There are 2 protein chains.
Amino acid sequence: MAKQRELRVTRQRERGTRAASGPVSAELIEREAIRLFGERTYPVVGMRDISDAVGILPGSLYVHINSKEDLLIKIVERGIRSYLDAIAPIAESEQSATIRLRKAIKAHMLVLATALEQTRVSFHQWTYLSSEHKERVILMRQRYEELFSRILNDGISSGEFRDLSNPRIAVLALIGMLNSATEWYSPTGPLSPEALSEVLADNALIGLQK
Amino acid sequence: MAKQRELRVTRQRERGTRAASGPVSAELIEREAIRLFGERTYPVVGMRDISDAVGILPGSLYVHINSKEDLLIKIVERGIRSYLDAIAPIAESEQSATIRLRKAIKAHMLVLATALEQTRVSFHQWTYLSSEHKERVILMRQRYEELFSRILNDGISSGEFRDLSNPRIAVLALIGMLNSATEWYSPTGPLSPEALSEVLADNALIGLQK
DNA sequence: CCTACCGATCGGTAGG
DNA sequence: CCTACCGATCGGTAGG
């Protein structure tokens, strides 16, 4: 008995990852999956990597979860929802389009900074979902895009923004700029998410020219 | 003999893809690999998918190529090089920073439009390379970033651009915006690459505000 | 949560 | 370029 326990602890140490102890749960598994998918992407992370990270054997994962894809679905949907929840109230508020855009950009960067790896999975790895689940994600992404479209269109109507020849492209370019932060944002870098969001908002609103 | 030939032709038709005939070559294999990696990403495309696409059996691929990773290396390096070749002469020319930036954005969109799938692989899938090759790619990406940094810094010095509080972030955001086109550019869409590049250049230079 | 295992698929090779 | 095959690894399960 004591020996068995020792072996198990050793194995966990060889797997090298889990903090001290605490019970394995679905939440812990999802947390480690977010980290691993975010670092190395869904298709190249094996269930054995995840089981190593939480300190159990591969087959035992299925006591807590249903399938690998189920992990991905949950991560992706929760991730996109956190962006919708943060930005919808801003986009739908009564303030000027200029202020709403600044606030939306700031909210985006704050969510991104507090959930960097989840964002990487949510925005780039939903493509690995099977087609039924992919459709649900596409709908959520459209809602997200519409929030920015609303702000831009309101700003054009009110005369705050110039008459964009193609607002759709402007929205996609703006979102593309924001999402690119998953590739260059560093929590240990010199600029806070707030400071970064000001740089990005200035770029989007004022542009580079003097 | 005739029967064997018939069977082979049938098998190729079942694989369903290859245009008529023509000899299989390393170039053909690379072309199909670009398409498949671009559509579904490197780790989930099997050598059997590639051999099906070119109409031979999996083992026969290795007459023409060395390894799966070798395919990826060639695609990624050729892809990035096409961007460097297009933009370096512009960034290093004697024109104003404003004009150089417009031209660089246009050149970027033209390369992207003529090699959309190769761009997807080059900019997002180099992370699947083993570490030695990854380092080479990182150096090429730095050179690419420096081309835009030069234009922006020149523009600030000359007084064409405003005094950006953080030019590095502005460059990363700009490149992020351009690269996001791999996710939304459609060759069958209404706007030409030239038209798109004008929209993007206006956004980057003038911004959204009136 | 482990033991013990499953069929399927992976990139790649020897020998012709 | 095919035939025939390799060891390794994959996600997942039965039974305790």
Side-chain angles (χ1 to χ4, degrees), chain A residues 1-12 14-15 18 21-30 32-33 36-37 40-75 125 128-130 133, chain B residues 1-12 14-15 18 21-30 32-33 36-37 40-75 125 128-130 133:
Chain A
M1 274 294 256
K3 184 150 193 189
Q4 235 180 21
R5 189 176 160 71
E6 241 176 56
L7 274 173
R8 183 139 33 97
V9 170
T10 303
R11 215 188 283 128
Q12 288 179 2
E14 278 163 1
R15 287 171 201 147
R18 187 141 72 102
S21 51
V24 169
S25 61
E27 292 91 294
L28 175 62
I29 293 169
E30 283 169 31
E32 293 299 320
L36 291 165
F37 293 168
R40 306 212 304 268
T41 79
Y42 179 76
V44 301
V45 170
M47 297 311 280
R48 283 155 184 85
D49 296 318
I50 298 173
S51 69
D52 280 358
V54 300
I56 58 178
L57 290 179
S60 305
L61 287 171
Y62 294 88
V63 175
H64 302 99
I65 65 165
N66 292 321
S67 68
K68 190 187 182 190
E69 194 186 7
D70 204 57
L71 276 175
L72 181 59
I73 296 164
K74 284 184 174 145
I75 296 168
Q125 298 176 35
Y128 297 115
L129 290 169
S130 58
H133 295 116
Chain B
M1 275 293 254
K3 186 149 191 190
Q4 234 179 24
R5 191 177 160 70
E6 242 174 55
L7 274 173
R8 182 139 33 98
V9 170
T10 303
R11 215 187 284 127
Q12 288 180 2
E14 278 161 1
R15 286 169 203 151
R18 186 141 71 104
S21 50
V24 170
S25 61
E27 293 94 291
L28 175 63
I29 293 170
E30 282 169 33
E32 293 299 319
L36 291 166
F37 293 168
R40 307 211 305 269
T41 79
Y42 179 77
V44 301
V45 170
M47 297 311 280
R48 284 155 184 83
D49 297 318
I50 298 174
S51 69
D52 279 357
V54 300
I56 59 178
L57 291 179
S60 307
L61 287 172
Y62 295 89
V63 175
H64 303 99
I65 64 165
N66 292 320
S67 69
K68 191 187 181 190
E69 194 186 6
D70 204 57
L71 275 176
L72 181 60
I73 296 164
K74 283 185 174 146
I75 295 168
Q125 299 177 33
Y128 298 115
L129 289 169
S130 58
H133 295 117

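Residue numbering restarts at 1 for every chain, and letters A, B, ... go by the order of the sequence lines. Quantities reported herein were computed from a predicted structural model and do not represent experimental measurements.
The side chain of His64(A) approaches dC1(C) more closely than any other nucleotide in the set dC10(D), dT13(C), dC1(C).
With 3.5 Å as the limit, one finds a donor-acceptor pair spanning the side chains of Thr41(B) and Tyr128(A).
Of all the heavy atoms in Ile50(A) and Ala33(A), the pair that sits closest is CD1-CB, 4.2 Å. Annotation for Ile65(B) and Leu71(B): closest pair CD1-CD1, 3.9 Å, computed over non-hydrogen atoms.
Rounded to whole angstrom, the span from the CG atom of Leu72(B) across to the C1' atom of dG12(C) amounts to 17 Å. Leu57(B) has its CG atom 17 Å from the P atom of dG12(C), to the nearest Å. Nucleotide dC10(C) holds its P atom 11 Å from the CD1 atom of Ile50(B), rounded to whole Å. Atom CE of Met47(B) and atom P of dG12(C) are 6 Å apart (whole Å). dG11(D) atom P lies 15 Å from atom CG of Asp70(A), rounded to whole Å. The separation between Ile29(B) atom CD1 and dG11(C) atom P is 14 Å, rounded to whole Å. Between Lys68(A) atom NZ and dG12(D) atom P the separation is 8 Å, expressed in whole Å. Atom CD1 of Ile65(A) is separated from atom P of dC1(C) by 13 Å (rounded to the nearest Å).
Nucleotides of DNA chain C nearest to Ser60(A) and Arg48(B) differ in position, and the one nearer the 5' end is that of Ser60(A).
Nucleotide dG15(D) forms a pair with dC2(C), judged by Watson-Crick or G-U wobble geometry with both contacts under 3.5 Å.
Although no hydrogens or angles enter the test, the distance criterion places no donor-acceptor pair under 3.5 Å between the side chain of Lys68(A) and the main chain of Gly46(A).
Phosphate contact (OP1/OP2 of dT13(C), side-chain N/O of Tyr62(B), threshold under 4.0 Å): absent.
At a threshold of 4.0 angstrom between heavy atoms, the contacts of Val45(A) are confined to the sugar-phosphate backbone, with no base atom among them.
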